[in-house]
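In this text, all values refer to a predicted model and were calculated from it rather than measured experimentally. Both ligands and their constituent atoms are indexed starting at 1 by order of listing.
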Amino acid sequence: MRLASVRLDEVELPLVEPFETSFGVEHRRRFLLVRAETKDGEVGWGECAAAADPLYSSESVATARWMIVERLVPLLFRLHDPTPEAFSLEAARFRGHPMAKAALEIALQDLRARTQHRSLAKALGGHRARVRVGVSVGIQPTIPKLVARVGRYLEDGYGRVKLKVRPGWDSRPVAAVRREYPDLELWVDANQAYPPNAVAGIRTWAERYGVAQVEQPFAERAIRAHAELACGARFRVCLDESIVDRPALEDALEARAVTSLNVKVARVGGLGIGSSLARRAARAGVPSWVGGMLESGVGRSHNVALASTAPFVLSSDLSASDRYYREDITDPPFVLGPGSTLEVPRGPGIGVEVVERTLRKHRRSSRTFRP
Ligand code: OSB
Ligand code: MG
């Protein structure tokens, strides 16, 4: 593969409704899009999940743009054969910035799969034609509004619901949803909002209301608190923010702090490392699933391809396009299918096309780099 150009667009897409978590509320998503083109005219797409503000993690659109423009694109242009593996290996000498690295790594994954005339899912070793998905439900203004919101998602066909929680928005909303939907597969995600002394409190309401999984209640580095919660629990303890690399996963496994692994391509720096973390977890008997960051159709299609591979046995946070955006930048849209699933695209690469006209409508800036 010989690269001819890398284009970096900044895009802003309005969300169909605000998404509120323990760290803040988003009304629109501002993100970077990568378009890498080879000398033969083959094109690969990547998306950077970093948001406008460093709230989920320390990265933001601004830090990711700096990293991509000033360090990663020059590094990429210096590679003789810019495979995703070669890129990741070189990029690893820079600390941090996983979302910036992932944006380029996934573009190279798409590009390589396209040049090989096969789908990204196949290239990653995926064997599923459809992936099981659920929906992540943000914090709502009131409990009745939450119950109604969940009800509409169930009517849409979602078979698993993840409620965003935080201190003050936990046992009562969870109880209300459980009362209305006794058989619902219910997960919660706190995005690090609880102090370590909340173990007993969380355990009480999670077990009373049949919560199947509690995601990242404590701080990124609070492995011990997660292990305490997992000890003897009737629910899975899922780690998201804590698992930033392989050593973090090893420590969490050793401490028995993780009984479900959320793999976010963005958080770990790419599809290659995400895939290997999930395989490592599976060897320890820990199931994985693919987490989302409200991605556009570009990031979503990478996530769907990853979810089609063997270690991803739990339902992923990958909803239909219309759950996020009225008008997405890719075509065709992802639609929810039977049994709460999304179809894995079979076309070359990510299997969906970027609609340049729609992209231009939502684009804030665009820069093209050449070797
Ligand atoms: O913690 O899983 C999370 C969205 C933004 C930041 C963090 C998270 C999320 C989600 C959304 O839960 C999942 C999705 O993309 O559907
Ligand atoms: Mg999470």
Side-chain angles (χ1 to χ4, degrees), residues 13 15-31 47-61 64 98-99 102 131-140 149-150 153 156 158-166 169 186-194 211 213-220 222 226 236-244 252 258 260-268 274 288-304 306-307 312 314-325 328 333-334 336 340 342:
L13 276 182
L15 289 161
V16 291
E17 56 190 73
F19 188 73
E20 184 168 355
T21 64
S22 62
F23 57 75
V25 52
E26 282 187 88
H27 297 266
R28 58 193 70 82
R29 230 188 113 239
R30 201 146 70 75
F31 60 96
E47 173 170 350
C48 181
D53 291 306
L55 296 170
Y56 164 80
S57 72
S58 61
E59 287 181 277
S60 67
V61 172
M99 294 181 180
V131 297
R132 278 200 309 134
V133 303
V135 62
S136 175
V137 186
I139 292 166
Q140 303 291 314
R149 194 70 203 83
V150 169
Y153 283 134
D156 290 343
Y158 290 103
R160 181 275 281 168
V161 166
K162 173 173 122 178
L163 303 182
K164 289 292 189 179
V165 294
R166 67 169 170 226
W169 180 264
L186 194 55
W187 299 5
V188 297
D189 182 2
N191 292 105
Q192 316 186 59
Y194 290 86
V211 173
Q213 176 169 301
V214 176
E215 180 175 345
Q216 198 74 47
F218 310 116
E220 175 183 325
H226 288 102
R236 291 186 300 271
V237 172
C238 173
L239 292 183
D240 175 353
E241 289 93 321
S242 293
I243 307 302
V244 294
V258 58
S260 167
L261 179 62
N262 171 329
V263 176
K264 280 183 185 161
V265 173
R267 190 192 70 233
V268 301
S288 288
W289 55 288
V290 175
M293 296 286 290
L294 312 176
E295 286 92 344
S296 79
V298 171
R300 183 162 316 284
S301 54
H302 285 93
N303 293 344
V304 167
L306 182 63
F312 294 91
L314 298 176
S315 57
S316 290
D317 268 356
L318 296 168
S319 307
S321 304
D322 67 0
R323 177 256 174 273
Y324 306 94
Y325 304 107
D328 204 341
F334 286 96
L336 194 67
S340 193
L342 293 186

Heavy-atom contacts under 4.0 Å between [X] and ligand 1: side chain, backbone, both, or neither?
X: D240; result: side chain
X: E215; result: side chain
X: K164; result: side chain
X: Q216; result: neither
X: T21; result: neither

Salt bridge flag under 4.0 Å for residues [X] and [Y]:
X: R267; Y: E220; value: no
X: R160; Y: D317; value: yes
X: R166; Y: E20; value: yes

- Query: How far apart are the closest heavy atoms of S315 and W187, and which atoms are they?
  - Reply: O-CH2, 3.2 Å
- Message: Using every non-hydrogen atom in the two residues, find where V290 and N303 come nearest and quote the distance to one decimal.
- Response: CG1-CB, 3.7 Å
- Task: Would you mind listing which atoms of ligand 1 come within a distance below 4.0 Å of any non-hydrogen atom of Y56?
- Result: 7 (C)
Specify the protein heavy atom at minimum distance from [atom]: its residue, its atom name, and the distance to 0.1 Å.
atom: atom 4 (C) of ligand 1; answer: F19 CE2, 3.6 Å
atom: atom 15 (O) of ligand 1; answer: L294 N, 2.9 Å
atom: atom 6 (C) of ligand 1; answer: M293 SD, 3.6 Å
atom: atom 16 (O) of ligand 1; answer: Y324 OH, 2.5 Å
atom: atom 1 (O) of ligand 1; answer: N191 ND2, 2.7 Å
atom: atom 9 (C) of ligand 1; answer: G292 O, 3.5 Å

- Query: How many angstroms lie between atom SG of C48 and atom CZ of F31, to the nearest 0.5 angstrom?
  - Reply: 10.0 Å
Tell me if a side-chain donor or acceptor on [X] pairs with a main-chain N or O of [Y] at a distance below 3.5 Å.
X: S319; Y: G134; answer: yes
X: S321; Y: F334; answer: yes
X: Y56; Y: F23; answer: no

- Ring-face cation of R300 near Y324 (centre distance under 6.0 Å, axis angle within 45°): yes
- Item | Qualifying residue for side-chain hydrogen bond (donor to acceptor under 3.5 Å, both in side chains) with D240, from Q216, K264, Q192 | K264
- Under a heavy-atom criterion of less than 4.0 Å, does K264 contact ligand 1? yes
- Query: Given atoms OD2 of D189 and OE2 of E215, what angle do they subtend at the Mg ion (ligand 2), to the nearest 10 degrees?
  - Reply: 90°
Check this for me - ligand 1, [X], N or O atoms closer than 3.5 angstrom, yes or no?
X: S136; result: yes
X: E26; result: no
X: R300; result: no
X: S319; result: no
X: N262; result: no

- Only one of V137, D189, V188 passes side-chain contact (heavy atoms from CB on, under 4.5 Å) with K164, and that residue is D189
- Which single N/O/S atom of D240 lies at minimum distance from the Mg ion (ligand 2)? OD2
